[in-house]
Amino acid sequence: MLVFKQKEGFLSARIVETEAYLGSQDPASHAYRGVTPRNRVMFGSPGRSYVYFTYGNHHCLNVVTEEEGTPGAVLIRAVEPISGIEMMTKRRGQDKLEALTNGPGKLTQAFGITREHSGIDLTSGPFYMAEENSKKWIPIRATKRIGITQAVDLPFRFFWLGNKFVSVT
DNA sequence: TCAATGATGGGCT
DNA sequence: GCCCATCATTGAC
């Protein structure tokens with residue numbers, strides 16, 4: 001679960017689609033060519049957010065995964081809204097539930113996540129991730145990553161097959 | 001339903 | 001100066 005307690009309201013959502021990015025072995029990764037001011041949190045301690053601005057319009061949220069000194073992150077590609085749907089709808093200018101957070105740029109807009117939220121420890125609040133209290137396990141499928149031009153064949157895109165909105169292709 | 005396209009601005013070669 | 005881990009809109013079918 002992705003959770004963000006804000007003064008405007010309590011937001012939470014189930015993470016249903018992700019993509020993994022490595023470091024020096026992955027040409028599609030921001031960390032491929034070494035440390036820069038933008039990507040430096042990817043080289044830091046795990047469990048922190050890495051948020052970047054792209055295409056002149058959008059922010060994308062990642063979680064740093066590897067131990068300090070080794071770059072690696074997981075891009076959050078889609079979530080299913082649980083709480084704070086009214087706030088998400090307002091921010092997105094979009095009232096179709098399926099279109100609220102079914103893309104990496106959409107979910108950051110719905111949650112109000114920007115570069116200011118990069119480098120934050122996600123293991124404690126108010127901006128954090130938590131395990132869902134669910135009894136039911138539904139499998140995950142891996143496919144090729146999308147929206148990239150390098151290393152296009154690595155099967156690092158992961159879907160939760162119980163999701164309602166994102167089609168597995 | 002799907003492919004093509006313009007908007008838009010920061011990051012890096 | 002070119003690239004880009006995107007989105008909403010447009011127009012063809």
Side-chain angles (χ1 to χ4, degrees), chain A residues 1-2 4 11 13-67 70-81 84-120 122 127 129 140-161 163-169:
Chain A
M1 299 287 290
L2 178 65
F4 201 169
L11 304 179
R14 175 186 296 122
I15 297 167
V16 297
E17 183 190 351
T18 63
E19 278 180 355
Y21 287 86
L22 308 177
S24 58
Q25 309 302 311
D26 185 357
S29 172
H30 287 177
Y32 183 58
R33 296 169 199 282
V35 190
T36 68
R38 178 177 64 157
N39 69 19
R40 69 186 154 76
V41 311
M42 278 185 77
F43 292 78
S45 51
R48 306 186 87 91
S49 58
Y50 167 48
V51 181
Y52 65 89
F53 182 69
T54 192
Y55 290 110
N57 291 297
H58 304 288
H59 295 272
C60 291
L61 170 66
N62 298 252
V63 184
V64 177
T65 52
E66 305 306 306
E67 63 186 21
T70 304
V74 169
L75 169 68
I76 309 302
R77 285 202 60 88
V79 301
E80 285 181 3
I85 291 174
E86 193 173 331
M87 175 59 56
M88 297 183 194
T89 300
K90 184 178 168 188
R91 286 176 171 157
R92 292 274 299 117
Q94 167 71 259
D95 55 5
K96 282 188 69 181
L97 189 61
E98 318 88 73
L100 227 44
T101 57
N102 64 338
K106 298 180 189 181
L107 70 93
T108 53
Q109 185 182 29
F111 270 75
I113 296 167
T114 69
R115 276 168 296 184
E116 294 173 15
H117 304 105
S118 195
I120 291 175
L122 294 170
F127 178 37
M129 287 187 185
I140 283 170
R141 180 173 301 163
T143 68
K144 295 175 183 178
R145 296 178 293 187
I146 62 172
I148 57 172
T149 56
Q150 303 292 316
V152 294
D153 290 332
L154 293 175
F156 285 171
R157 183 186 187 195
F158 302 98
F159 294 89
W160 183 58
L161 294 180
N163 91 80
K164 302 185 188 84
F165 305 140
V166 183
S167 60
V168 181
T169 51

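The model shown is predicted, which means the values in this text are computed figures rather than measured ones. Reckoned from all heavy atoms, side chains included, excluding hydrogens, waters and symmetry mates.
Both stacking criteria are satisfied for A:Y21 over the base of C:dA5: a centre-to-centre distance under 5.5 angstrom and an angle between ring planes under 30 degrees.
Of the candidates B:dT13, C:dT6, C:dA8, the closest approach to any side-chain atom of A:C60 belongs to C:dT6.
Using a 4.0 Å cut-off, some side-chain N or O of A:T36 falls inside it from OP1 or OP2 of B:dC12.
Among the protein residues, A:I148 comes within range of the sugar-phosphate backbone only, with heavy atoms under 4.0 Å from sugar or phosphate atoms but none that close to a base. Across all strands, A:R145 comes closer than 4.0 Å to no nucleic acid atom at all (heavy-atom distances). At a threshold of 4.0 angstrom between heavy atoms, the contacts of A:G56 include nucleobase atoms, whether or not backbone atoms are also involved. Residue A:R157 is classed as having no contact, given no heavy-atom separation below 4.0 Å to the nucleic acid.
Evaluation of atom-type donor-acceptor distances gives a pair under 3.5 Å for the side chain of A:Y52 against the base of C:dA5.
Heavy atoms from other residues, nucleotides or ligands lying under 6.0 Å from OH of A:Y32 number 12 at most.
Checked against the 6.0 Å centroid threshold, A:F127 and A:F4 count as a close aromatic pair.
A:H30 pairs with exactly one of A:Y52, A:Y50, A:Y21 by the side-chain hydrogen bond (donor to acceptor under 3.5 Å, both in side chains) rule, that one being A:Y50.
A:Q109 and A:R91 share no donor-acceptor pair across their side chains, judged by distance under 3.5 Å alone.
If you find the closest nucleotide of DNA chain C to A:H30 and to A:A99, the one lying nearer the 5' end belongs to A:H30.
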